[in-house]
Protein chains: 2
Amino acid sequence: MTMNNGAGGRRRPPTIHDVAREAGVSRGTVSRVLNGGHYVSPSAAEAVNAAIRRTGYVVNRHARSLITGRSDSVGFLLTEPQERFFEDPNFNVLLRGCTQALAAHDIPLLLMLAGTEDERRRITRYITAGHVDGVLLVSSHSGDPIATELREAGVPLVACGKPIGIGSKVSYVAADDRDGARDMVRHLLAQGRRRVGVVTGPLDTPGGVERLAGYREVLAEAGVDYDERIVVSGDYSRASGEAGAERLLAQAPDLDAVFVASDLMAQGVLTALHRAGRRVPEDVAVGGFDDSPAATAASPSLTTIRQPWDRISNEMVRVLLAQIGGEDPAAVILPTELVKREST
Amino acid sequence: MTMNNGAGGRRRPPTIHDVAREAGVSRGTVSRVLNGGHYVSPSAAEAVNAAIRRTGYVVNRHARSLITGRSDSVGFLLTEPQERFFEDPNFNVLLRGCTQALAAHDIPLLLMLAGTEDERRRITRYITAGHVDGVLLVSSHSGDPIATELREAGVPLVACGKPIGIGSKVSYVAADDRDGARDMVRHLLAQGRRRVGVVTGPLDTPGGVERLAGYREVLAEAGVDYDERIVVSGDYSRASGEAGAERLLAQAPDLDAVFVASDLMAQGVLTALHRAGRRVPEDVAVGGFDDSPAATAASPSLTTIRQPWDRISNEMVRVLLAQIGGEDPAAVILPTELVKREST
DNA sequence: CTGCTGTCTGTGAGCGTTCACAGTAGAGAA
DNA sequence: TTCTCTACTGTGAACGCTCACAGACAGCAG
């Protein structure tokens, strides 16, 4: 492969015109080869491909976008407050999965952080101006104004986790939180635990609501009365798990298990239990949620619910591209899996 | 602010032409206002700005890029093997910092992952075709072919951490690894420790080499002979820290301190020490590096060296933009800080 | 009056691509 | 033959913007 620009300075890159001349055909034919190769004779296609190889031609996406009106890029929009982004390993897995799934379609991912009101406004403008074809939205908190704005502007949008409080017609991909919670609580009961507390996520997030719902369903199934003294809420942070466990222990010293709505919070719970002199799992069993690196890092390692992050990111990209292609919004719910470790 | 396209479908956005008509001036004048406002009368500028507000105009970057030859976007390129990306919290902080620093200049960040050879080739093409104006490179391993390729293609490039084995003329921003290591080892000696082992990073990374060098310098200063039985290498992963500590204990049971080249590895070291029945810090003091979330998450919490990630990301962006603007490559080295916690 | 600055403004051209259209050639049917 | 159909190819015209240029007008000097 001989690039026509030697090492060193940045020469002007070859255009479709150069390729056409090199291949002895017209711009149109080259363009057709570039876009699927329909209505092109095999010999012409061959010549064009050879010319592309020889010249090192790469399509100028700006020129293409200018006329097609599409940017062939998508945004990955994060509206969480900053700390969560750092703390939560799930974001990383998701981000990486989406980047790779998009790369397979040759679509670059633009990372966008909208933490402040100001950033939110700028980014909304940027997106609605058509600089991306669609948006992968990571923001589970309800009432997020940006989701509504984008939806109303007709921007293809896929959320991670079921958005609360937004009209239906917005696509989302989520793990089956409720079912995962059910599995975990059933598992705890099957171990002979009878006094199972819970540390939920924020109740304005689907993960907060659904996992609590699963917990209540299984207890009801088992004929255990719902006792709100052993239900506390956290914000998915480690510190909030620690605080939550302390409240639980104070309100119900006879606790013999805790279902925690995230691994990070579960780490905090372990710390608090340790400080209170309770052994895990002998005295108190602890079940987490996410199967993040925190789960194996914890000691004892955490029994948890695995969220299928790789599938989630793949599905998000698939649904988004379908929507960009004109299909209707869709909701995808993926199964979770119980992972047994030392803490139960 | 009245957008001329109501909620619902995606109407065609206003062009510079619409703004010109609305303001009663020519395209040229609008363009001048958009690009700094030189040679524009105050009244014309006022009219244009009002028209922009009224129409909700946002510049079409594709059209602009087509003619300027610049994309007004930069790539954030990750060439680490995938696991590190997950495990290492530093990447997140860096990614976030760079995204924000760029956003302040209204420049979007394109996230690029080049884990496999295939991805590497595709991304190199994409970049050298001019689809980004510059690249923020995160890949500390030496001999990374992509850095050399990009440099030779004349693409503005700033690495995070000093690249080893590449000709000089590549910009980088790094924490002062050697000095940080010196601080930590001095701190350990000041605590009365006499037998200080070390778990280094990979010795083909600057962090691996420099931190070890700092360790050796301080020991030499203190008149302690270098003993290679208490020097082991890890790969920055938690597991490698655990394995490293086990080797250290086997080779030198009289160890009373360990300097570990990353917090994550230090977590592993803590695990191994705990299993071996050594108390931290009573029997063995442990010093980490990074001041990542892992440092506070560990128990006991880790004394560590803080890397100024916020400043690093800011500097990377600043140096990159300067280079895009035509300035010469530059190297920036930033000071670290010793953070004392429970482990020493 | 002419000529020279300097500031400000409008206009045509063109960036590299796709799209619509017109046109060619060859195969098969009438 | 002639007409139609299909497969293929080339050509202008956009897309929305910036840039270079030319022109207008004012102020001031000669």
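Just so we're on the same page: letters track the sequence lines, and every chain starts at 1.
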request  = Using atom NE2 of B/His38 as one end and atom P of D/dC19 as the other, report the distance to the nearest whole Å.
outcome  = 12 Å
key: Expected output: side-chain A/Glu315 to main-chain A/Arg311 donor-acceptor under 3.5 Å   = no
ask   = Roughly how many Å is it from OH in B/Tyr39 to P in D/dA20, rounded to a whole number?
value = 13 Å
For nucleotides 15-22 of chain C, tabulate all protein N/O to nucleotide N/O atom pairs closer than 3.5 Å, reporting atom names and distance.
residue : atom : partner : partner atom : Å
C/dG16  : OP1  : A/Arg12 : NH1          : 3.2
C/dT17  : OP1  : A/Tyr57 : OH           : 2.4
C/dT17  : OP1  : A/Asn60 : N            : 3.2
C/dT17  : OP2  : A/Ile16 : N            : 2.3
C/dT18  : OP1  : A/Asn35 : ND2          : 3.3
C/dT18  : OP1  : A/Arg64 : NE           : 2.9
C/dT18  : OP1  : A/Arg64 : NH2          : 3.0
C/dT18  : OP2  : A/Ser31 : OG           : 2.8
C/dT18  : O4   : A/Arg27 : NH2          : 2.8

Ring geometry between A/His62 and B/His62 (parallel below 30°, tilted from 30 to 60°, perpendicular above 60°) = tilted
query = For A/Ala103, does its backbone N or O pair with a side-chain atom of B/Arg122 as donor and acceptor, under 3.5 Å?
reply = yes
note = Whole-Å distance, B/Asp72 CG to D/dC17 C1', equals 12 Å
remark   = Only residue of A/Leu94, A/Leu321, A/Val74 satisfying side chain to side chain contact (heavy atoms under 4.5 Å, CB included) with A/Met316 is A/Leu94
query = If you take all heavy atoms of B/Pro329 and B/Ser171, which pair is closest and at what distance?
reply = CA-OG, 3.0 Å
task = Measure the shortest side-chain to side-chain distance between A/Leu34 and A/Ile16 over non-hydrogen atoms and say whether it is less than 4.5 angstrom.
result = yes
inquiry  = Check the phosphate of D/dT9 against A/Ser41, side-chain N and O only, distance under 4.0 Å to OP1 or OP2. Yes or no?
reply    = yes
message = Whether A/Ser65 contacts D/dC15 is assessed here as follows: a side-chain N or O lying under 4.0 Å from the phosphate OP1 or OP2. Is that the case?
response = no
request  = Starting at atom CG of B/Asp18, determine the distance to atom C1' of D/dC17, rounded to an integer number of angstrom.
outcome  = 13 Å
query = Considering all heavy atoms of both residues, which atom of A/Thr29 and which atom of A/Ala44 are nearest to each other, and what is their separation?
reply = CG2-CB, 4.2 Å
query = Between the side chain of A/Asp133 and the main-chain N/O of A/Ser71, is any donor-acceptor distance below 3.5 Å?
reply = yes
Rounded to 10 degrees, the angle between the two terminal axes of the helix from C/dC1-D/dG30 to C/dA30-D/dT1, each from five pairs = 70°
request  = Starting at atom CZ of A/Arg21, determine the distance to atom P of D/dT9, rounded to an integer number of angstrom.
outcome  = 19 Å
